[in-house]
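Quick caveat: nothing in here was measured; it's all calculated off a predicted structure.
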Amino acid sequence: MTDSTLADGFVLTDEKDASRYTLLHDGQLVSVLDYRDDGSTIALTRAFTVPTFRGQGHAARVVEGAVADILERGDRKVDAVCWYVSDWFEAHPEHHALLRRR
């Protein structure tokens, strides 16, 4: 498990055993990004935010953190399976090089 402390008490964790990134605030689960990793491509399959935290940009925050982690590793491409992740990449063309070409 890899943790990254973000601003304002948020912690992003890559829970490799569960194949998901989690965003916590003060120890409370806020948002999750599920993935499948085949060794060359990480398919980002589902972004979910706990209903009481929706509408505050937390899904974007967990996707941004995951993308930063994947970029830092530098050994994977991304398959944006989830509609939200696909929309996030559309809004962030600076990260299009990370996407797997079909």
Side-chain angles (χ1 to χ4, degrees):
M1 192 163 37
T2 305
D3 289 344
S4 272
T5 302
L6 308 174
D8 303 327
F10 286 94
V11 175
L12 179 72
T13 303
D14 180 2
E15 296 180 355
K16 291 178 179 28
D17 291 345
S19 297
R20 69 183 194 167
Y21 286 91
T22 58
L23 183 67
L24 304 166
H25 186 261
D26 295 330
Q28 188 172 11
L29 182 65
V30 173
S31 193
V32 174
L33 178 61
D34 294 324
Y35 65 84
R36 288 187 321 264
D37 185 350
D38 69 7
S40 62
T41 302
I42 296 179
L44 301 177
T45 59
R46 183 183 73 113
F48 175 80
T49 299
V50 174
T52 55
F53 295 106
R54 289 184 181 158
Q56 300 173 45
H58 299 305
R61 196 172 208 163
V62 75
V63 172
E64 182 178 348
V67 167
D69 182 57
I70 295 164
L71 276 169
E72 185 177 310
R73 289 170 39 187
D75 62 350
R76 304 282 195 279
K77 289 292 189 179
V78 169
D79 190 1
V81 175
C82 170
W83 69 268
Y84 184 87
V85 174
S86 181
D87 285 355
W88 186 92
F89 272 98
E90 284 298 316
H92 295 86
E94 67 275 17
H95 294 297
H96 283 185
L98 189 59
L99 291 170
R100 179 179 69 97
R101 302 287 174 221
R102 296 179 186 208

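- Taken from CG in Asp79 to CG in Asp37, the straight-line distance is 12.0 Å, to the nearest 0.5 Å.
- Between atom OH of residue Tyr35 and atom CZ of residue Arg20 there is a gap of 10.5 Å, rounded to the nearest 0.5 Å.
- Side chain of Arg54 to backbone of Thr49: a donor-acceptor contact under 3.5 angstrom is found.
- The two atoms that bring Cys82 and Ala47 nearest to each other are SG-N, 3.5 Å, heavy atoms only.
- Contact between Ala66 and Leu12 at its shortest, heavy atoms only, is N-CD2, 3.9 Å.
- Checked against side chain to side chain donor-acceptor pair (under 3.5 Å), Asp34 has the following partners two or more places apart in sequence or in another chain: Arg46.
- For Lys77 (side chain) and Ala43 (main-chain N/O), no donor-acceptor pair under 3.5 Å exists by modelled atom type.
- Atoms CG and CD, on Leu99 and Glu90 in that order, are 8.5 Å from each other to the nearest 0.5 Å.
- Using a 4.0 Å cut-off between charged nitrogen and carboxylate oxygen, Asp38 and Arg100 do not count as a salt-bridge pair.
- Closest of all the heavy-atom pairs between Ala60 and Tyr84 is N-OH, 3.1 Å.
- In this structure, the separation between CG on Asp69 and CZ on Arg76 is 10.5 Å, given to the nearest 0.5 Å.
- From Gln56, atom CD reaches atom NE2 of His25 across 9.5 Å, with rounding to the nearest 0.5 Å.
- A donor-acceptor pair is defined here as one N or O able to donate and one able to accept, closer than 3.5 Å; such a pair exists between the side chain of Ser31 and the backbone of Phe48.
- Using a 30° and 60° split on the angle between ring planes, Phe53 and His58 fall in the perpendicular class, above 60°.
- Atom CD of Glu72 is surrounded by 12 or fewer heavy atoms from other residues, nucleotides or ligands within 6.0 Å.
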| message | Checking Arg73 against Asp14 for the side chain to side chain contact (heavy atoms under 4.5 Å, CB included) test, could you report, in this order, the C-alpha distance in whole Å, the side-chain angles of both residues, the deciding distance, and whether it holds? | response | CA-CA 12 Å; Arg73 289 170 39 187; Asp14 180 2; 4.1 Å; yes
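- Note: His92 and Trp88 have parallel aromatic rings, judged against thresholds of 30 and 60 degrees for the angle between ring planes.
- Val50 has its side chain out of reach of Val30: every pair of non-hydrogen atoms, C-beta onward, lies at least 4.5 Å apart.
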| request: Begin with the C-alpha distance, continue with both residues' side-chain angles, and end with the deciding distance and a verdict on side chain to side chain contact (heavy atoms under 4.5 Å, CB included) for Val67 and Val78. | output: CA-CA 8 Å; Val67 167; Val78 169; 5.6 Å; no
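- Interatomic distance, Leu33 CG to Leu44 CG, rounded to the nearest 0.5 Å: 5.0 Å.
- For Asp87, the salt bridge (charged side-chain N to carboxylate O under 4.0 Å, His left out) test picks out no residue, with sequence neighbours left out.
- Under the 4.5 Å side-chain contact rule for hydrophobic residues, Val81 and Ile42 do not share a cluster.
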